[in-house]
Protein chains: 2
Amino acid sequence: MSKSLIELTPVEAVACCTPMTREPMTGAQAERVSALLKALADPVRLQLLSLVASHEGGEACVCDLSEAFDLSQPTISHHLKVLHQSGLLDRSKRGVWVYYKVRADVLDSLGKLISSAGA
Amino acid sequence: MSKSLIELTPVEAVACCTPMTREPMTGAQAERVSALLKALADPVRLQLLSLVASHEGGEACVCDLSEAFDLSQPTISHHLKVLHQSGLLDRSKRGVWVYYKVRADVLDSLGKLISSAGA
DNA sequence: ACTGGATATTGACCTCTGTCAATATTTATC
DNA sequence: GATAAATATTGACAGAGGTCAATATCCAGT
C-alpha cells in the first residue's frame, strides 16, 4: 500500500517528479512542490536559509540569525517555523539555544527539479 | 557604471549569487530571487510551467494550456502574465495565438542556486 | 467594415500571509 | 524555587494575491 499524500516527506514530494521537460506535473505534484516553493519565496526566509547554509555544517543558532534583520524576534521565529514545517530546515534544541540545519537533500532535489524545466 | 537594481534582468538577478553554502545572500539579492520564487510558488503556475516545458521546443500555445485546468480564462491569463513578467516565460504572438516559452537560462540558474544551499 | 474567436484587462471579493505587541514556555544559574 | 535569558505562541491588523464576471482588444476571414 502507498502512503497518503499527507504522509509524504518533503523529499518524496519532490523526488516523485520526472524532469519537467519530459512530462508535465500533475495537479497533486504541483500542489506539494509549490508548498516548498512558497516557504522559500520570501526575502526574509531566503536570507535566513542562506545564513544557515553558509554556517559551518549548514547549521546555525537562532541567536546568530536574528541580528541580521531589523525585525522583531517573533517574526524571525515565525519564519523559521515556516521553513522547518515545510521540511527545508531541521530543528534541534541544545540547552536554551535552538539550532536550525539545512535539509541538503530536499534543497538539492528541489533545485534539480527547477533546473529540469530548462534544457 | 552599473545598472540600477530595477534594470537587472532575471538572469542577472540570479547569476549574481555565489553558492549559498559559501556566502549568505544580501537583503537585495534575496529580494530579487524571492521575486522569481514567488512567481513559481503557486500550484497553477507551476503546472503551467511544466506544461510549457514539456512541449516541443519548450514552447506552447495558450490554447493548449487552458484545457488542463478547471479555471476561468482570465485566471489562466493572469497566471501566464505573472510568469512572463517575472522573466520565467517568454511571450510571442503569432496571428491570433499567443505562445509562451520557458526561459531555460533563468530556470537553470535558479535551480542551481537553490541546490547550492545543500552540500 | 463586420463578425467571430483568442487573449488580455478591469474591478470586486475573499482568503492568505507578514508583521508586531503582549504573553507564554523552557532552561540554566544563583 | 526565583530570576533571567532564549525562543515560541497568541491575537490583531494591514497589505498582498487568487479568482471570477464583465468588458476590452486584437486579428483572421468573409
Side-chain angles (χ1 to χ4, degrees), chain A residues 25 27-28 30-52 55 59-101, chain B residues 25 27-28 30-52 55 59-101:
Chain A
M25 304 177 71
E31 201 80 41
R32 298 206 303 278
V33 174
S34 72
L36 283 179
L37 289 172
K38 272 184 204 297
L40 261 187
D42 177 275
V44 175
R45 289 198 288 270
L46 198 53
Q47 205 177 349
L48 274 171
L49 187 93
S50 78
L51 281 165
V52 174
H55 264 67
E59 192 179 50
C61 175
V62 177
C63 50
D64 298 326
L65 303 173
S66 322
E67 305 161 359
F69 303 88
D70 194 23
L71 291 170
S72 71
Q73 176 266 322
T75 297
I76 299 296
S77 186
H78 162 69
H79 285 304
L80 288 169
K81 184 182 185 178
V82 171
L83 287 169
H84 172 54
Q85 289 192 332
S86 69
L88 293 171
L89 289 184
D90 269 343
R91 197 188 109 106
S92 68
K93 193 167 186 176
R94 300 177 206 155
V96 184
W97 293 276
V98 174
Y99 291 80
Y100 285 93
K101 188 174 184 178
Chain B
M25 305 176 70
E31 202 79 41
R32 299 204 303 276
V33 174
S34 73
L36 283 178
L37 289 171
K38 272 185 204 298
L40 260 187
D42 176 274
V44 176
R45 289 198 288 271
L46 198 54
Q47 206 178 349
L48 274 171
L49 187 92
S50 78
L51 280 165
V52 175
H55 264 66
E59 191 178 50
C61 174
V62 177
C63 52
D64 298 326
L65 303 172
S66 323
E67 305 161 359
F69 303 88
D70 194 24
L71 291 169
S72 72
Q73 176 266 321
T75 297
I76 299 296
S77 186
H78 163 69
H79 285 304
L80 287 170
K81 184 181 186 179
V82 172
L83 286 169
H84 171 54
Q85 289 193 331
S86 69
L88 293 171
L89 288 183
D90 268 342
R91 197 188 108 106
S92 69
K93 194 167 185 175
R94 299 177 207 156
V96 183
W97 292 274
V98 174
Y99 292 79
Y100 285 93
K101 187 174 184 177

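Values below: all heavy atoms of this structure, side chains included; hydrogens, waters and symmetry mates excluded. Just so we're clear, the structure is a prediction, and the values are computed from it rather than from any experiment. Quick note on labels: first sequence line is chain A, next is B, and so on, each numbered from 1.
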Look at [X] and [N] and indicate whether a side-chain polar atom (N or O) is within less than 4.0 Å of OP1 or OP2.
X: A:Arg94; N: C:dT27; result: no
X: B:His78; N: D:dG18; result: yes
X: B:Arg91; N: C:dA8; result: yes
X: A:Thr75; N: C:dT19; result: no

Rounded to the nearest Å, what distance is computed from the [atom1] atom of residue [X] to the [atom2] atom of nucleotide [N]?
X: B:His84; N: C:dT7; atom1: NE2; atom2: P; value: 15 Å
X: B:Leu83; N: D:dG18; atom1: CG; atom2: P; value: 10 Å
X: B:Leu71; N: D:dC20; atom1: CG; atom2: P; value: 5 Å
X: A:Asp70; N: C:dT19; atom1: CG; atom2: P; value: 11 Å
X: B:Gln73; N: D:dT19; atom1: CD; atom2: P; value: 14 Å
X: A:Glu67; N: D:dA6; atom1: CD; atom2: C1'; value: 13 Å
X: A:Lys81; N: C:dT19; atom1: NZ; atom2: P; value: 16 Å
X: B:Lys93; N: C:dA6; atom1: NZ; atom2: P; value: 13 Å

| Is the shortest heavy-atom distance from the side chain of B:Asp64 to the side chain of B:Cys61 under 4.5 Å? |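 Yes, their side chains come closer than 4.5 Å.
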| Looking only at heavy atoms, which two atoms of A:Leu89 and A:His84 are closest? And how far apart? | O-ND1, 3.0 Å
| said: Quick check for you: among C:dT9, C:dT19, D:dC27, whose closest atom lies nearest to any side-chain atom of B:Val96? | reply: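 Among the listed nucleotides, the one closest to the side chain of B:Val96 is D:dC27.
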| Which of these nucleotides, D:dT19, D:dT7, C:dG18, is closest to any side-chain atom of A:Cys63? | D:dT7
| task | Check every strand shown and say whether A:Tyr99 touches a base, only sugar-phosphate, or nothing at a heavy-atom separation below 4.0 Å. | result | nothing
| task | For A:Tyr100, answer base if it contacts any base atom (sugar-phosphate contacts may also be present), sugar-phosphate if it contacts only those atoms, and nothing otherwise; contact means non-hydrogen atoms under 4.0 Å. | result | sugar-phosphate
| task | Please confirm whether A:Arg94 makes a cation-pi placement over A:Tyr99, using NZ or CZ under 6.0 Å from the six-membered ring centre and within 45° of the ring normal. | result | yes
| query | So, B:Ser86 side chain and B:Val82 main chain: donor-acceptor pair closer than 3.5 Å or not? | reply | yes
| query | Mapping A:His79 and A:Trp97 onto DNA chain C by nearest heavy atom, which one lands closer to the 5' end? | reply |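 Mapping each residue to its closest nucleotide by heavy atoms, the 5'-most match is A:His79.
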| Considering heavy-atom distances to DNA chain C, does A:Gly95 or B:Pro74 have its closest nucleotide positioned more toward the 5' end? | B:Pro74
| query | Can you check side-chain contact (heavy atoms from CB on, under 4.5 Å) on A:Leu46 and A:Ser50, steps first, answer last? | reply | CA-CA 6 Å; A:Leu46 198 53; A:Ser50 78; over 6 Å; no
